[in-house]
4 protein chains.
Amino acid sequence: MLDLDSEVPIYQQIRDRVVEAIAEGALAPGAGLPSTRQMAVDLAINFHTVNKAYDLLRREGIIRINRKSGAVVRPDVKRPSDELRAGADWEARMRTLLAELDVRGIPKEEVKGHVAAVLDAFPGREDEHP
Amino acid sequence: MLDLDSEVPIYQQIRDRVVEAIAEGALAPGAGLPSTRQMAVDLAINFHTVNKAYDLLRREGIIRINRKSGAVVRPDVKRPSDELRAGADWEARMRTLLAELDVRGIPKEEVKGHVAAVLDAFPGREDEHP
Amino acid sequence: MLDLDSEVPIYQQIRDRVVEAIAEGALAPGAGLPSTRQMAVDLAINFHTVNKAYDLLRREGIIRINRKSGAVVRPDVKRPSDELRAGADWEARMRTLLAELDVRGIPKEEVKGHVAAVLDAFPGREDEHP
Amino acid sequence: MLDLDSEVPIYQQIRDRVVEAIAEGALAPGAGLPSTRQMAVDLAINFHTVNKAYDLLRREGIIRINRKSGAVVRPDVKRPSDELRAGADWEARMRTLLAELDVRGIPKEEVKGHVAAVLDAFPGREDEHP
DNA sequence: GTGGTCTAGACCACA
DNA sequence: GTGGTCTAGACCACT
């Protein structure tokens with residue numbers, strides 16, 4: 001699951017995998033994450049690295065870290081909130097990615113189709129279409 | 001246009017801006033880019049940094065670097081080529097980004113709309129709809 | 001081992017020596033290379049130059065660069081891969097070299113003998129003769 | 001025939017093409033080369049560049065340059081001569097190339113076959129097998 | 001301690 | 001005038 005030789009930092013990969021797990025529904029809002037030491041053992045990496053990933057997720061407002069109960073997915077995640085939207089600059093990042101795909105000659109319809117397929121595979125909330 | 005305090009390297013930002021300019025049609029295939037030293041003074045950065053960005057674009061097959069006329073956008077860019085598409089774990093990168101947006105509570109339809117809007121704003125190739 | 005006065009760039013010479021060491025078996029797949037700074041002091045050159053050589057080898061898919069353990073020879077190197085063979089205008093390069101040798105009056109049989117001798121001295125892969 | 005965007009210098013490409021033409025027999029020993037200005041016009045390049053290529057060939061002992069008759073292929077080319085062999089370091093260059101091919105996973109027999117095919121396609125001298 | 005980035009200045013090759 | 005190379009030193013990110 002992790003590529004230790006990748007140029008993308010390990011803590012970033014952990015963060016990405018957690019975010020994807022939440023989006024897919026594998027990690028429900030309010031659910032607990034493994035302890036840093038446990039995940040470090042599972043992934044055979046230094047626990048400081050896991051710590052850094054968790055801290056990043058906390059600063060992004062995606063998880064909460066309690067002294068006693070460990071890290072849990074914030075219950076209000078996946079709900080529209082200005083707090084979560086802020087600091088995302090997601091339009092710019094998406095624009096950069098789309099520009100690269102366009103320049104590489106990947107057909108627009110293929111990209112749109114992939115985006116729709118991925119998004120529709122996410123469980124979604126009951127209040128999505130109010 | 002550049003954020004010198006960003007965590008994303010300056011040379012990467014330059015590379016991204018060039019790619020976007022090509023996708024938007026602002027930089028047509030065959031068009032020339034400023035010389036490394038010129039762009040360096042324009043952006044108030046070191047010319048080695050521009051050099052690295054150009055070298056990255058060259059290795060990606062997006063521009064050509066000619067000893068006399070400087071850097072030009074490859075005329076055959078935006079033509080689907082296996083080599084260019086190959087370097088593409090783009091589905092994974094897109095999936096990670098989409099998961100983050102979903103977790104941040106951004107409505108799926110808003111994302112799809114933005115994607116379509118950005119893509120449709122790109123001029124596109126003549127052979128896009130054969 | 002290095003010729004600082006040569007017209008071929010130092011970083012290219014380093015890259016060539018590493019490739020030769022791999023072919024000879026002196027550097028086995030999976031083996032580690034010296035750290036950039038270490039090799040720099042060993043060769044009495046700037047570490048940036050070594051850095052560039054390693055980066056070139058990485059982009060060629062010959063080594064992997066790991067943040068903690070440094071550079072290692074890719075374990076799957078020497079296994080025929082289309083991507084590695086692709087970057088190969090090798091027939092043209094070989095043709096140019098052979099033409100030069102012919103013009104210089106080096107007997108064809110001597111050239112063939114040298115080629116065979118060098119190749120046969122390389123350990124080779126287990127799957128070479130299936 | 002020339003790739004103006006290549007990373008290999010134009011004057012070097014000209015030199016390589018001339019050497020190949022001699023090896024193939026298209027340019028016989030003693031034959032004359034086009035004038036620098038003529039070749040510059042033909043190739044649509046600066047005549048100084050052709051000049052540099054010719055000078056390189058002269059310094060390599062492959063052609064002679066006469067004030068009146070222009071550049072001619074040395075009549076004694078293709079014959080074994082210590083003068084021509086010197087300064088070639090061809091074993092080292094061949095070794096580097098072969099090592100790269102081996103590392104890229106190209107079968108040894110394929111390389112040997114290509115070398116033999118190219119060499120045998122060169123006309124060869126009557127005194128080759130004395 | 002590892003590699004990565006940026007800056008800076010000098011020199012060279014190429015066209 | 002163009003890009004390419006090498007050197008040098010400082011700072012940062014990652015593990």
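Per chain, numbering begins at 1; letters A, B, ... match sequence-line order. In this text the structure is predicted, and so the values were computed from the model without any measurement.
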Look at [X] and [N] and indicate whether a side-chain polar atom (N or O) is within less than 4.0 Å of OP1 or OP2.
| X | N | result |
| --- | --- | --- |
| R67(B) | dT2(F) | no |
| Y11(A) | dC14(F) | yes |
| N51(C) | dG4(E) | yes |
| K52(A) | dC14(F) | yes |

Quiz item: Going by atom types alone, do S6(D) and D3(D) pair a side-chain donor with an acceptor below 3.5 Å?
Solution: no
Quiz item: With a 4.0 Å cut-off on heavy atoms, is Y54(C) in touch with a base, just the backbone sugar-phosphate, or nothing at all?
Solution: nothing
Quiz item: Is I45(D) touching bases, backbone alone, or none of the nucleic acid, heavy atoms closer than 4.0 Å?
Solution: nothing
Determine, for [X] against [Y], whether the closest basic-nitrogen to carboxylate-oxygen distance falls under 4.0 angstrom.
| X | Y | result |
| --- | --- | --- |
| D55(D) | R58(D) | yes |
| E60(D) | R104(C) | yes |
| E24(B) | R95(A) | yes |

Practice problem: Report yes if a donor N or O on one partner sits less than 3.5 Å from an acceptor N or O on the other, where the partners are the side chain of R37(B) and the base of dG1(F); otherwise report no. | Solution: no
Quiz item: Quick one: the side chain of H48(C) and the base of dG3(E), do they pair up donor-acceptor inside 3.5 Å?
Solution: no
[X] has an atom [atom1]; how far is it from atom [atom2] of [N], in whole Å?
| X | N | atom1 | atom2 | value |
| --- | --- | --- | --- | --- |
| L4(A) | dC14(F) | CG | P | 15 Å |
| E7(B) | dG4(E) | CD | P | 17 Å |
| I10(D) | dG4(F) | CD1 | P | 14 Å |
| R64(B) | dG3(F) | CZ | C1' | 17 Å |
| M39(B) | dT2(F) | CE | P | 13 Å |
| L2(C) | dT5(F) | CG | C1' | 15 Å |
| N46(C) | dT7(F) | CG | C1' | 5 Å |
| D5(B) | dT7(E) | CG | P | 12 Å |

Exercise. Nearest-nucleotide wise, let me know which of Q12(B) and S35(C) is further upstream toward the 5' end of DNA chain E.
Key: S35(C)
Quiz item: Now, which nucleotide makes the Watson-Crick or G-U wobble pair with dT7(F), with each of the two distances under 3.5 Å?
Solution: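 Base-paired to dA8(E).
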Quiz prompt | Pair assignment for dC14(F), Watson-Crick or G-U wobble, requiring both distances under 3.5 Å | solution =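 Pairing partner: dG1(E).
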Of the nucleotides [options], which one has an atom closest to the side chain of [X]?
| X | options | value |
| --- | --- | --- |
| I65(B) | dC14(F), dG4(F), dC14(E) | dG4(F) |
| F47(C) | dG4(F), dT5(E), dT2(E) | dT5(E) |
| T49(C) | dT7(F), dC14(E), dC14(F) | dT7(F) |

Quiz item: Is the count of non-hydrogen atoms from other residues, nucleotides or ligands lying under 6.0 Å from R37(D) atom CZ greater than 12?
Solution: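 Open.
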Practice problem: Might you point out which heavy atoms bring N46(A) and A40(A) nearest each other, and give the distance in Å? | Solution: C-CB, 4.1 Å
Quiz item: If each of V8(A) and T36(B) is mapped to the nucleotide of DNA chain F with the nearest heavy atom, which maps nearer the 5' terminus, i.e. the 5' end?
Solution: T36(B)
